[in-house]
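As structure tokens, the structure follows; a few thoughts come after it.
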Amino acid sequence: MSQTAASVDQAEVPPPPDPAKRKPPSRTTTRIVVAVGFILIAALVIFLFLSPPNPDARPTSLGFSFNSFFQWIGELGPIVQIPIVLLVFGVVVAVLLVLIEYAPRKGTGYFWLRLISSFAIPFVALMMLRPYQNAVLYVVPIALIAGGLLFYADYRAREGAGYLYQLTLFLAPAAILILVGLVYPTISTVIQSFFDKTGENFVGWENYRWAFTNPQGFWSIINTLIWAIFAPIFSTIVGLAYAAFMERARGDRILKILVFIPFAIAPVSISLIWKFVYDYRQGNQIGILNAIVVAFGGEPVRWLDTWPLVNTFCLLFAFVWAQTGFAMVVLSAAIKAVPAEQMEAAQLDGTNAWQRFINVTVPGIRTAIVIVLTTITISALKLYDIVAVMTGGRSNSTVLGFEMVNQQQRFQSYGHAAALAVLIFVFVTPLIIYNVRQLRLQREVR
């Protein structure tokens with residue numbers, strides 16, 4: 001009995017805790033520390049850009065920078081440049097691969113490898129951007145905070161030390177390209193929109209007030225809204241009609257290719273073609289539209305100079321002619337994906353072709369219609385080529401995309417150009433968000 005009781009008591013005693021197993025770190029604490037660190041980095045970056053430059057301060061650098069490297073390589077011959085660029089690219093990739101390979105390994109040596117590289121990589125990267133004048137006070141803390149955040153978050157990762165470090169190195173090249181090519185220009189443009197044409201004097205909302213009151217800015221906004229409303233509607237309706245009627249037509253592939261060809265043509269070429277269509281002359285008409293008008297006894301019309309709105313819709317039809325092919329291809333593929341059982345069931349219920357199209361086909365291709373509408377709308381909002389070639393923005397036919405370039409290149413008014421660019425961004429962003437939400441809902445349904 002005593003031996004049995006003793007064995008039972010031993011079985012009920014819990015095993016001692018394993019000292020090797022550490023308590024999972026609190027994600028809340030990690031997130032708070034990382035958030036505070038990012039706020040400090042953002043504040044230092046703002047102070048760095050807003051601090052007045054000191055012309056007497058000597059540049060502080062590592063002895064070389066990206067700027068000096070590109071200047072040096074630019075002085076070499078093309079045959080020598082290619083192997084040097086490939087060699088540098090290979091060295092950078094090799095270093096990243098080595099760090100990625102050894103990052104998740106355990107041991108003191110790998111711990112110090114992660115620690116040193118976490119601080120060294122941001123510091124070297126920031127110092128190589130350019131020789132800093134009186135800015136090391138900001139650059140060094142930014143690099144130290146960034147490295148400390150990376151190491152701290154990686155050390156407290158529930159997946160184990162080395163996980164976030166490895167993930168960061170994987171994402172670093174793409175993240176840098178996005179920051180340099182997208183995020184930084186966006187922030188810089190927004191800031192520039194609050195300064196005057198020289199970019200030196202702060203003017204507040206004056207550039208946006210100009211955009212809504214000056215004729216060039218006002219009509220560029222109105223015309224852009226007209227393009228954004230009517231261009232996707234016309235293109236989608238015509239493209240859907242083509243896709244539906246050509247679905248069972250003889251030689252449908254050839255007909256679809258003919259409709260798609262304008263979409264494959266360069267916008268400049270499309271503009272030249274339609275410029276000849278609208279051509280106006282006092283004598284013999286070479287423009288098709290005015291030739292028809294004269295043939296019926298009318299007077300030739302200056303289509304591209306007739307205002308209000310006539311010239312805008314003339315330009316819009318050229319855009320619709322090109323985008324119809326895109327809409328037709330996407331919607332035709334969507335129509336083919338509609339289950340045949342649904343069409344057969346609707347036909348057995350006694351519906352005609354139009355009822356089946358409205359009640360079965362259109363709901364079945366709703367996602368494709370949304371994609372086509374949003375894609376063409378975004379293209380219409382950033383339009384430039386057609387207006388630039390056909391009218392040059394005269395007779396109040398300008399749009400935001402053209403007027404933005406016009407203000408910058410012709411009038412050297414960078415503040416006005418930046419404000420118009422921000423307005424384009426404001427118009428496009430809701431469409432992108434809506435499109436992304438629709439795609440997510442579609443995935444959830446699937």
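Keep in mind that the numbers below use all heavy atoms, side chains included, and drop hydrogens, waters and symmetry copies.
Contact annotation: the side chain of Leu315 approaches that of Ser397 to within less than 4.5 Å [non-hydrogen atoms, C-beta and beyond].
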**OP:** Just do the side-chain hydrogen bond (donor to acceptor under 3.5 Å, both in side chains) check on Tyr152 and Arg156 with the steps written out, would you?
**Re:** CA-CA 6 Å; Tyr152 175 78; Arg156 293 176 60 88; 3.2 Å; yes
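Relative orientation of the His416 and Trp210 rings is parallel, given thresholds of 30° and 60° on the angle between their planes. Aromatic ring orientation, Phe202 versus Phe194: parallel (interplanar angle below 30°, classes split at 30° and 60°).
With hydrogens and angles left out, the side-chain atoms of Thr398 and Ser220 include no donor and acceptor closer than 3.5 Å. Checked by atom type, the side-chain pair Gln407/Glu403 shows a donor-acceptor distance below 3.5 Å. Tyr414 and Gln412 share a side-chain donor-acceptor pair at under 3.5 Å. Using modelled atom types and a 3.5 Å distance limit, the side chains of Tyr434 and Thr374 yield no donor-acceptor pair.
Aromatic rings from Phe260 and Phe263 are positioned such that their centres are separated by under 6.0 Å. Residues Phe170 and Tyr165 keep their aromatic ring centres 6.0 Å or farther apart.
Nearest approach of Val399 to Leu383, heavy atoms of both residues: CG2-O, 3.6 Å.
Without hydrogens or angle criteria, Asn223 side chain to Thr312 main chain gives no donor-acceptor distance under 3.5 Å.
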